[in-house]
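Written out below as structure tokens is the structure these notes cover.
To find a chain, count down the sequence lines: A is the first, B the second, and so on, and within it residues start at 1. Values reported hereafter were calculated over all heavy atoms of this structure, with side chains retained and with hydrogens, waters and symmetry mates removed.
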There are 2 protein chains.
Amino acid sequence: MRPLFHPAVEDLKPEAILYALSDPERVAIFAQIAGLGSSGTCTALANLGSRVIPKSSLSQHMKVLREAGLIRGERHGVEMRNHSRCQEVDRRFPGLIQAILSAYGRPPEQSNAG
Amino acid sequence: MRPLFHPAVEDLKPEAILYALSDPERVAIFAQIAGLGSSGTCTALANLGSRVIPKSSLSQHMKVLREAGLIRGERHGVEMRNHSRCQEVDRRFPGLIQAILSAYGRPPEQSNAG
DNA sequence: TTCCGTAGTTCAGAAATTCGGAACTGTTGA
DNA sequence: TCAACAGTTCCGAATTTCTGAACTACGGAA
């Protein structure tokens, strides 16, 4: 298992963020993590929508979100805790996340990220 | 040559818009069309960046932008005139286009769409 | 220690998408 | 009718996405 990669704020790329959020399934995952404000484990995220996401697919989705800089993942024992990087992304690209979540009809919560 | 398809405002899908604008080449094309405010022909759009876009690829890019609802294309004789649908998109998804263009470092012009 | 269960990752092949040159369509003008 | 032009469509190659199966990593029990 290779270590998790997280881009620095200054390395965030708009194209990666838009691509990551151009998939409704990933948006649902991200919105859930951002809304929770605290850790979201993969298992808990697997059945948000109308189907159960296969875990290999889910793992890929998490990787896309992580490498776009939208979430941060930390291994805690056997599980992975994910939390959003909304604040960092927002500092770099003001208003972007909010506009996107609003467009999807998912108004973001106010800064409840731990 | 099949007729051009343009989604109605109420049929605009955020995922299609984000996908369309997750490619820097398409963003450059869209920003040019939106910035021009008037018609942009494919030929004029082919070499905005560091390379000349092959015309079959350009045609695909235009189709993606058009079917996402970001631009409107009209055939005028031998050429196609494209103009942005920023205002319509903005009515449906307020702030989205502006946030995206700003993230790409392409601050949008003020409503100069004809 | 060894074994087991859980959480998530990686592998690999099938399916889908993207890219771009070549051929094509449709229009204008000579 | 013919040629030139603007853009589209076709199609094969390359790339990407999807997901079941195999795997790694950790923690707890014996």
Considering only side-chain heavy atoms of [X], which listed nucleotide, [options], is closest?
{"X": "Q60(A)", "options": "dC19(C), dT10(C), dT8(D)", "value": "dT10(C)"}
{"X": "R66(A)", "options": "dT9(C), dT8(D), dG7(D)", "value": "dT9(C)"}
{"X": "P54(B)", "options": "dG7(D), dG20(C), dC18(D)", "value": "dG20(C)"}

- Task: For E74(A), enumerate each residue passing the side chain to side chain donor-acceptor pair (under 3.5 Å) test, keeping only those at least two apart in sequence or located in another chain.
- Result: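 In terms of side chain to side chain donor-acceptor pair (under 3.5 Å), with neighbours along the sequence ignored, E74(A) is linked to H76(A).
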
- At their closest point, which heavy atom of A68(A) faces which heavy atom of P7(A), and how far apart are they? C-CG, 4.2 Å

- Query: Which pair of heavy atoms, one from L21(B) and one from L18(A), lies closest together, and at what distance?
  - Reply: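 Closest approach of L21(B) to L18(A): O-CD1, 3.2 Å.
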
Rounded distance in Å - [atom1] ([X]) to [atom2] ([N]):
{"X": "H61(A)", "N": "dT9(C)", "atom1": "NE2", "atom2": "P", "result": "13 Å"}
{"X": "E74(A)", "N": "dA7(C)", "atom1": "CD", "atom2": "C1'", "result": "16 Å"}
{"X": "I53(B)", "N": "dC19(C)", "atom1": "CD1", "atom2": "P", "result": "10 Å"}
{"X": "E25(A)", "N": "dT19(D)", "atom1": "CD", "atom2": "C1'", "result": "12 Å"}
{"X": "L4(A)", "N": "dA25(D)", "atom1": "CG", "atom2": "P", "result": "13 Å"}
{"X": "N82(B)", "N": "dA6(D)", "atom1": "CG", "atom2": "P", "result": "14 Å"}
{"X": "D23(B)", "N": "dT17(C)", "atom1": "CG", "atom2": "P", "result": "17 Å"}
{"X": "L65(A)", "N": "dG8(C)", "atom1": "CG", "atom2": "P", "result": "14 Å"}

Please state whether the phosphate of [N], meaning OP1 or OP2, lies under 4.0 angstrom from any side-chain nitrogen or oxygen of [X].
{"X": "R2(A)", "N": "dT10(C)", "result": "yes"}
{"X": "R75(A)", "N": "dT6(C)", "result": "no"}
{"X": "R51(A)", "N": "dC18(D)", "result": "no"}

Got a donor-acceptor contact below 3.5 angstrom from the [X] side chain to the [Y] backbone?
{"X": "R66(A)", "Y": "H6(A)", "answer": "no"}
{"X": "D90(A)", "Y": "G95(A)", "answer": "yes"}
{"X": "Y104(A)", "Y": "A31(A)", "answer": "no"}

- Item | Of I29(A), L45(A), L48(A), N47(A), the residue whose pairing with I53(A) passes side-chain contact (heavy atoms from CB on, under 4.5 Å) |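 Result for side-chain contact (heavy atoms from CB on, under 4.5 Å) with I53(A): I29(A).
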
- Query: Contact class for S57(B) (heavy atom, under 4.0 Å): base, sugar-phosphate, or nothing?
  - Reply: base

- Message: Heavy atoms only, 4.0 Å cut-off, all strands: where does R26(B) land among base, sugar-phosphate and nothing?
- Response: nothing

- Task: Using a 4.0 Å cut-off on protein heavy atoms (strictly under), produce a 5'-to-3' string for nucleotides 22-30 of chain C with B for base contact, S for backbone-only sugar-phosphate contact, and - for none.
- Result: B--BBBS--

- Hey, which sits more toward the 5' end of DNA chain D by its nearest nucleotide, T41(B) or Y19(A)? T41(B)

